[in-house]
Novice: 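Input: one structure, supplied below.
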Amino acid sequence: MSEAGPNGSAPQGRGARTWAAPPRGRDKPHTTRAEQQARPIRLGRRSATALALVTAVGVVAFGWPLLAGPDSGLGAHAQDAPWLFAALLPLLLGVVVATVSDGGLDAKSVAMLGVLAAAGAALRPLGAGTAGIEPMFFLMVLSGRVLGPGFGFVLGAVSMFASALLTGGVGPWLPFQMLAMGWVCLGAGLLPGPHTLRGRRELWLLGAYGAVASVLYGTVMNLQGWPYLSGLATGVSYVPGDAVGDNLARFAAYCLATSLGWDLPRAVLTVVLSLALGPAVLKALRRATRRAAFEAPVTFEEPRG
């Protein structure tokens with residue numbers, strides 16, 4: 001006994017069952033637009049909590065000397081710093097563990113993280129010792145923009161760690177560098193219009209952010225080392241127990257006198273590279289993200305007869 005066709009007609013060809021031809025490509029895995037925009041690391045509850053904890057610890061680690069009393073004994077920091085490294089690094093790794101437990105970091109995310117971190121680590125030594133020319137900043141900013149704040153923070157931290165291993169720059173300053181670069185990439189992921197803003201407006205937004213972030217990175221890293229330097233002129237040296245405003249004024253003078261000549265070229269280079277190479281890099285990152293289809297559920301249609 002045969003079944004009727006779609007309009008009551010007898011079925012054609014062999015077999016008793018007929019199938020209407022599905023639209024082209026319906027027998028292949030497909031994703032919706034929202035699924036294609038999924039980031040490789042989403043900030044779930046646990047990962048957001050871990051990230052907030054790392055940020056809070058980092059702010060305290062950078063800023064506590066400004067609130068220290070005159071008898072705080074800051075000269076002992078050289079011996080305390082390795083312990084700070086040992087305390088902060090597990091917290092940074094805890095962000096990755098939290099994202100894994102949230103289901104936000106899969107094999108494709110790890111692969112992309114490895115590729116971008118390797119690229120960032122390879123770019124950093126190209127400008128080492130050359131007036132602040134650091135091309136890795138534009139790649140970190142663009143990657144954070146496309147791949148989101150969670151991926152950006154992990155990428156920034158891992159890139160600095162890989163770069164330190166590559167250049168032999170492992171030391172008490174490394175956790176501070178990892179935090180600062182993680183914040184740079186995280187901020188890029190929080191910029192407005194990640195799925196709607198395109199073209200020159202997006203490039204200028206990223207260039208402006210990259211310039212500000214480049215200067216702030218150098219300023220924050222100055223704050224990490226400035227209180228422990230000896231032999232500075234009175235007008236730029238840190239005074240334990242002095243008013244926060246007075247110490248900040250001396251810190252600003254210290255930055256102007258020492259690191260601004262490095263921070264401004266870094267900012268200019270970041271803007272130039274973002275405007276010149278941004279379209280190609282953004283296109284490549286977004287294409288890779290779409291092809292990876294992070295977190296997208298794969299569905300299959302019933303096979304045709």
Side-chain angles (χ1 to χ4, degrees), residues 48-70 72-95 124 132 134 136-137 140-141 144 149 152-161 163-164 169-190 209 212-230 232 236-260 262-263 266-267:
T49 301
L51 182 56
L53 177 61
V54 171
T55 298
V57 172
V59 169
V60 173
F62 276 108
W64 74 268
L66 296 175
L67 304 177
S72 58
L74 287 175
H77 177 73
Q79 280 129 31
D80 296 340
W83 294 103
L84 180 61
F85 177 91
L88 285 178
L89 188 56
L91 287 175
L92 289 169
L93 296 177
V95 176
R124 190 180 180 211
E134 296 185 60
M136 77 173 295
F137 270 77
M140 297 294 102
V141 169
F153 181 84
V154 176
L155 173 63
V158 172
S159 297
M160 293 304 292
F161 185 74
S163 173
V170 177
W173 54 85
L174 180 56
F176 295 97
Q177 292 176 331
M178 294 170 66
L179 282 168
M181 185 58 73
W183 289 338
V184 168
C185 299
L186 183 146
L190 295 175
Y209 173 80
V212 173
S214 298
V215 174
L216 289 180
Y217 174 87
T219 302
V220 168
M221 288 307 301
N222 283 341
L223 184 60
Q224 175 266 324
W226 168 66
Y228 317 107
L229 297 177
S230 58
L232 297 177
V236 298
S237 61
Y238 171 75
V239 179
D242 208 353
V244 174
D246 294 338
N247 270 327
L248 286 177
R250 297 188 189 96
F251 176 66
Y254 169 78
C255 292
L256 290 173
T258 57
S259 69
L260 195 62
W262 290 78
D263 296 337
R266 182 194 300 125

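When reading the values below, keep in mind they use all heavy atoms of this one structure, side chains included, and skip hydrogens, waters and symmetry mates.
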Novice: Distance from Y217 atom OH to M140 atom CE, nearest 0.5 Å?
Specialist: 11.5 Å
Novice: On a heavy-atom basis, which atom in G156 and which in C185 lie closest, and how many Å separate them?
Specialist: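 Closest approach of G156 to C185, heavy atoms only: CA-SG, 3.8 Å.
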Novice: Got a list of side-chain donor-acceptor pairs under 3.5 Å for residues 50-61, not counting sequence neighbours?
Specialist:
unit_1	atom_1	unit_2	atom_2	d
T55	OG1	L51	O	2.9
T55	OG1	W183	NE1	3.4

Novice: I need the S259 OG to M221 CE distance, nearest 0.5 Å.
Specialist: 11.0 Å
Novice: Compare every heavy atom of G189 with every heavy atom of P149, then report the nearest pair and how far apart it is.
Specialist: CD-O, 3.6 Å
Novice: Let me confirm one number: the CZ-CE distance from R124 to M181, rounded to the nearest 0.5 Å.
Specialist: 7.0 Å
Novice: With rounding to the nearest 0.5 angstrom, report the CG to OH distance, L223 to Y238.
Specialist: 9.5 Å
Novice: State which residue, out of V158, L179, V184, fulfils the side-chain contact (heavy atoms from CB on, under 4.5 Å) condition with F153.
Specialist: L179
Novice: Residues in side chain to side chain contact (heavy atoms under 4.5 Å, CB included) with L216, at least two apart?
Specialist: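 Residues passing side chain to side chain contact (heavy atoms under 4.5 Å, CB included) with L216: V212.
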Novice: Of the non-hydrogen atoms in L174 and A164, which two are nearest, and what is the gap between them?
Specialist: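 Scanning both residues, the minimum pair turns out to be CD1-CB, 3.6 Å.
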Novice: Using the test ring pair (Phe, Tyr, Trp, His ring centres under 6.0 Å), find all partners of Y209 that sit at least two apart in sequence or belong to another chain.
Specialist: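 For Y209 there are no ring pair (Phe, Tyr, Trp, His ring centres under 6.0 Å) partners, ignoring immediate neighbours.
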Novice: Look at the side chain of R266 and the backbone N and O of S214, then say whether any donor-acceptor pair between them is shorter than 3.5 Å.
Specialist: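 Side chain of R266 to backbone of S214: a pair is present.
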Novice: Please list all pairs passing the salt bridge (charged side-chain N to carboxylate O under 4.0 Å, His left out) test where one or both residues lie in residues 244-254, with sequence neighbours left out.
Specialist: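 Every salt bridge (charged side-chain N to carboxylate O under 4.0 Å, His left out) pair that includes a residue of residues 244-254, provided the two are not neighbours, is D242-R250.
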Novice: Any chance you could measure S237, atom OG, to N247, atom CG, to the nearest 0.5 Å?
Specialist: 8.5 Å
Novice: Rounded to the nearest 0.5 Å, how far does SG of C255 lie from CG of N222?
Specialist: 4.0 Å
Novice: Once you measure the plane-to-plane angle for F62 and F176, does it fall in the parallel (<30°), tilted (30-60°) or perpendicular (>60°) bin?
Specialist: perpendicular
